[in-house]
Amino acid sequence: MSHKFHPESKMMSHGFKPSLSEGAIKSPVFQTSTFVFDKAEDGKAFFELAYGKREPNENEKSGLIYSRLNNPNLQILEERLCLWDKADQAAVFESGMAAISTVLLEFLKPGDLLLYSRPVYGGTDHFIHEVLPQFQIDVVEFYAGQSEEEIIANIEKTGKADKLKLVYCETPANPTNALIDFDVCKRIKEKYATEDKPVYFAADNTYMGPLWQHPLAHGADLVIYSATKYIGGHSDLIAGVVLGSDELMARIKGLRTFLGNMAAPYTGWLLMRSLETLKIRMEAQQANAIQVADFLKDHPKVEKVYYLGQLAKNSEEYKIYKRQNSGPGAMIAFEVKGGEKEVFKVLNQLELIKLAVSLGSTESLVQHPKTMTHAGVPEEDLQRLGVTDNLIRLSVGVENYEDLIWDLNQALETI
Ligand SMILES: *Cc1c(COP(=O)(O)O)cnc(C)c1O
C-alpha cells in the first residue's frame, strides 16, 4: 500500500478512470468543444472556481466547462507530466513557442528587465529581441562559462537592476551542448528578489528533460518544454509544456485561457501515447548516442565532437554536468574537416539519417546549424558560440547504432 511507483510505471494509467469511459483501458479522445452541465447550479459553481471567484469547498473539484479552459485529454496528460519533474501542476500548449511566449508575457511587464542565457532556441531569441521591446521590456544576456561577477556587473550596467523580474535559461545550449549553471541562476534570482518583488527563474529543459535533468530540483520556479521533441518523440506533432507550483501555474493557465493557445484534445491524446514509451525511447537514444559519439571522436575526417559524454574530467563544465545531469543525452554536434562544401557533401550522402531540423525523435536527424537553425543569428555571435561552417548537429534516434555508424562512415568517406 505504501509502495511508490516510478513515473514510467504510471504513464499508462495515472489520472484516468476507466469507469468514466465505458471501461475503456485507454482514454478516448475527448473531441468536443463544450461540456453539458447537469444543472444550472453546476455551471455557476464551475465558473466560480474557474474564474477564481471563490475558494473550492472541501473535496470540490472544478468541473469541465469548455475545451479552451479544460478538457480530459489535457488534464490527464498534465497530471502525468507532473510526475517526471515533481511539479504541482502542468499546462500543455499548442507549441513550445506558445509555452515560452506565455511565460514571458505573464511574468514581464512594461519597464521590467529580463536576464537570459545565450544561445537560446532561435524562436525564443526572436521573441525576446523583436517582440518584448514592443512592450518596453529590457533584456540583458549571459553566456555559458561567464563568471557570476561578470553577469552581475552586466545587470548593474543596465541601470535597471531593481527591475529584474525573470531569469531565463536554456541548457545544454543548442547546438554545442554548452552548459549553464543552475546554481548561478538561482543565486542571481535570490540576490535581486525583495519582499514585494519576487524574481522568478525559468528553464527550457527540452534538450535533456524530462529524463536526464530536473531544473525544479535545482531552484528553478518553472520548467518549459517543446513537447514536439523528446516528449512527443515521433516527429508527428507540435506541442509545449510549462510546469511549476500551484501559485505560478494558476497565472500561466489563466493567461493560456485568454490567449487560447492550449493544445487540442487529439494532440493531448497523442502525447499520452508518447509518454508510455518516453523512458525506453530516451534511454535507447542515449545508448546509441554514446556509441555514435565514440565512433566520431576517432574518425580521421572529424575535427571535434561536442558531446556531454566526452567532457574533460577536470573541466568546469564537467562539474556542472555532474551536478545537473543524470546522463549525457542523445544530442551530438561535430565539426568535419573542411567547410560548408564538405558538410553539405556529408549531409547529402546520408542514407538512413534524415536531413531535417527538430530533434528528439525516434529517427535520427542531422542539420547544418549555421545555414539552417541558426541562420538568423548575427555572424559575430555565431563565431563566439562555436557555430562554425563545418559544424553538424545530430539528434540520435532509436535505430540500430551499427547502421547509424555505417551511414555516417560512408558519408564521411566522401570528403
Ligand atoms: C524546438 C524548440 C523550441 C520551440 O518549440 P516548438 O514546439 O517548435 O514551438 C523551444 N526550445 C527548444 C530548446 C527547442 O528545441
Side-chain angles (χ1 to χ4, degrees), residues 74 77 81 85 90-105 114 116-132 144 168-180 182 202-215 220 222-243 252 256 259-264 267-268 270-271 274 282 285 306 308 324-325 329-333 356-361 363-369 372-377 385 387 393-397:
L74 292 200
L77 170 65
L81 284 164
D85 282 295
V92 179
F93 289 83
E94 63 186 356
S95 69
M97 279 313 302
I100 292 165
S101 54
T102 301
V103 167
L104 294 174
L105 291 176
L114 164 72
Y116 80 108
S117 67
R118 274 188 113 184
V120 283
Y121 178 73
T124 310
D125 207 82
H126 183 92
F127 193 87
I128 288 173
H129 283 277
E130 305 295 327
V131 181
L132 290 185
Y168 183 97
C169 84
E170 184 181 314
T171 182
N174 179 4
T176 59
N177 287 327
L179 294 175
I180 300 289
F182 287 143
D204 182 331
N205 200 32
T206 301
Y207 245 56
M208 295 299 273
L211 218 58
W212 305 307
Q213 178 168 273
H214 296 106
L222 294 164
V223 51
I224 306 176
Y225 291 98
S226 166
T228 312
K229 315 297 166 51
Y230 287 101
I231 293 175
H234 295 72
S235 299
D236 57 5
L237 61 84
I238 301 272
V241 186
V242 181
L243 298 113
I252 296 286
R256 182 182 68 169
L259 290 175
N261 54 4
M262 69 299 152
T267 303
L270 280 172
L271 283 166
S274 290
M282 291 183 78
Q285 287 171 270
Y306 297 95
L308 293 182
Q324 295 180 184
N325 304 113
M331 292 300 297
I332 301 172
V357 298
S358 197
L359 60 100
S361 184
E363 68 275 288
S364 296
L365 301 173
V366 281
Q367 62 105 5
H368 183 229
M372 297 172 192
T373 49
H374 291 63
V377 182
L385 303 174
V387 182
R393 189 187 78 183
L394 169 62
S395 167
V396 180

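Sequential numbering from 1 along the given sequence is applied to the chain's residues. If you're wondering where the values come from, they're calculated on a predicted model, not measured in any experiment. Atoms within a ligand are numbered from 1 in the order they appear, just like the ligands themselves.
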> Looking only at heavy atoms, what is the nearest atom pair of Leu308 and Asn177, with distance?
Replying inline: CD2-O, 3.6 Å
> Which residue and non-hydrogen atom of the protein lie closest to atom 12 (C) of ligand 1, and at what distance in Å?
Replying inline: Asp204 OD2, 3.5 Å
>> Checking Thr124 against Glu170: is there a side-chain donor and acceptor pair closer than 3.5 Å?
In response: no
>> Restricting to non-hydrogen atoms, name the atom on Leu243 and the atom on Ala90 that form the minimum distance, rounded to 0.1 Å.
In response: CD2-CB, 3.6 Å
> Would you say the side chains of Asn174 and Thr373 form a donor-acceptor pair under 3.5 Å?
Replying inline: no
>> Could you identify the single nearest non-hydrogen protein atom to atom 8 (O) of ligand 1 and state the distance to 0.1 Å?
In response: Tyr121 OH, 3.8 Å
> Who gets closest to atom 9 (O) of ligand 1 by heavy atom: Met97, Met208, Glu94, Met331?
Replying inline: Met97
>> Suppose I only count heavy atoms of Ala239 and a 4.0 Å limit; which atoms of ligand 1 are within that range?
In response: 7 (O)
> Which residue and non-hydrogen atom of the protein lie closest to atom 1 (C) of ligand 1, and at what distance in Å?
Replying inline: Lys229 NZ, 1.4 Å
> Considering only protein heavy atoms, which is closest to atom 6 (P) of ligand 1, and at what distance to one decimal place?
Replying inline: Gly96 N, 3.4 Å
>> Quick one, Val242 and Thr102 - any side-chain contact, counting heavy atoms below 4.5 Å?
In response: no
>> Can you name the atoms of ligand 1, numbered from 1 with element, that are less than 4.0 Å from a heavy atom of Thr228?
In response: 6 (P), 7 (O)
> If you look at every heavy atom in Tyr207 and Tyr230, which pair is closest and at what distance?
Replying inline: O-CE1, 3.4 Å
>> Test of understanding: with salt bridge (charged side-chain N to carboxylate O under 4.0 Å, His left out), list the residues that count as partners of Asp125, not counting sequence neighbours.
In response: Arg118
> Side chain or backbone of Val120 under 4.0 Å from ligand 1, or both, or neither, by non-hydrogen atoms?
Replying inline: neither
> Ile100 heavy atoms, cut-off 4.0 Å: which ligand 1 atoms fall inside?
Replying inline: 10 (C)
> Just distances here: any N/O of Ser226 and N/O of ligand 1 closer than 3.5 Å?
Replying inline: yes
